[in-house]
Amino acid sequence: MSDKAETGARGEEIAAQWLRAAGYTIRDRNWHSGKTEIDIIAENDKFIIFVEVKSRTADYQVHPRDAVTVPKQRTIIFAASNYLKRYNIDKESRFDIITVIFNGSQWDVEHIEDAYYPTL
């Protein structure tokens, strides 16, 4: 596994743990709709949450949240729509970003709720 893939996998695991600790239920991880992958699909009483996880080491050039571009958002929104239809879910959806920045053995997590909206 490459360093980049390993960083991503570690970041996704930390994000899932973060969500569980905050009271969310994890429905799916690495769910695919065609070529699009949704990193984490979580749920709470009110929402079904589609989470894009971006992980970087501390020497990053661009903040990880900025890597979730409008075209990336559109593909996630489309995949989320497929998920809702496939599992017949009638619950309000939300699109979040979780960033994990590694600095040696330490890491910082930022959970951005309602990071973007499906009106794009």
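Salt bridge present: E52 and K54 bring a charged side-chain N and a carboxylate O closer than 4.0 Å. Checked for salt-bridge contact, E110 and R65 meet the test: a charged N lies under 4.0 Å from a carboxylate O.
For the pair Q73 (side chain) and V68 (backbone), a donor-acceptor distance under 3.5 Å is present. The backbone N or O of W31 lies less than 3.5 Å from no partner atom in the side chain of D28, so there is not a single donor-acceptor pair. A donor-acceptor contact shorter than 3.5 Å is absent between the side chain of H32 and the backbone of G34.
In summary, of the residues considered (Y117, Y116, F95), a ring-ring contact (aromatic ring centres under 6.0 Å, His included) with F50 occurs for F95 alone. Checking each of D114, T25, N44 against I49 for a side chain to side chain contact (heavy atoms under 4.5 Å, CB included) leaves exactly one that passes, namely N44.
Closest approach of A16 to I40, counting heavy atoms only: N-CD1, 3.8 Å. Between E12 and N30, the shortest heavy-atom contact is OE1-ND2, 2.8 Å. Listed here is the closest heavy atom pair of S33 and N82: OG-ND2, 2.7 Å.
In this structure, CD1 in I101 is found 13.5 Å from CD in Q106, a value given to the nearest 0.5 Å. With rounding to the nearest 0.5 Å, the separation of OG1 in T75 from NZ in K35 is 12.5 Å.
Geometrically, R10 engages F102 in a cation-pi contact defined by less than 6.0 Å to the ring centre and at most 45° from the axis.
Using a 4.5 Å cut-off between side-chain heavy atoms of Ile, Leu, Val, Met, Phe, Trp and Tyr, with links allowed through other members, V53 and I26 fall into the same hydrophobic cluster. A continuous path of hydrophobic side-chain contacts links L19 to V100 [ILVMFWY only; heavy atoms under 4.5 Å]. In this structure, I97 is not a member of the same hydrophobic cluster as W107, with clusters built from ILVMFWY side-chain heavy atoms closer than 4.5 Å. Residues Y83 and I77 share a hydrophobic cluster, clusters being chains of Ile/Leu/Val/Met/Phe/Trp/Tyr side chains in contact below 4.5 Å.
Side-chain contact between I48 and L84 is present, with heavy atoms from C-beta onward closer than 4.5 Å. I14 has its side chain out of reach of I98: every pair of non-hydrogen atoms, C-beta onward, lies at least 4.5 Å apart. Using a 4.5 Å heavy-atom cutoff, the side chains of E37 and R29 are not in contact. Counting heavy atoms from C-beta outward, T99 and S55 have side chains that stay 4.5 Å or more apart. Side-chain contact between H111 and Y24 is present, with at least one heavy-atom pair separated by less than 4.5 Å.
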Original post:
Does the pair D96 and R94 meet the rule for a side-chain contact (heavy atoms from CB on, under 4.5 Å), with working shown?
Top reply: CA-CA 6 Å; D96 294 2; R94 191 176 83 197; 2.7 Å; yes
**OP:** Using the side-chain contact (heavy atoms from CB on, under 4.5 Å) rule, take N103 and T57 through it: C-alpha gap first, then chi angles, then the decisive distance, then the call.
**Re:** CA-CA 6 Å; N103 190 359; T57 55; over 6 Å; no
Original post:
Can you check side-chain contact (heavy atoms from CB on, under 4.5 Å) on V51 and I41, steps first, answer last?
Top reply: CA-CA 6 Å; V51 182; I41 301 171; over 6 Å; no
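Residues Y87 and R27 bring no donor and acceptor atom of their side chains to less than 3.5 Å of each other.
Applying the ring-ring contact (aromatic ring centres under 6.0 Å, His included) test to F78 and every residue at least two apart in sequence or in another chain returns nothing.
Heavy-atom contacts from other residues, nucleotides or ligands closer than 6.0 Å to CH2 of W18 number 12 or fewer.
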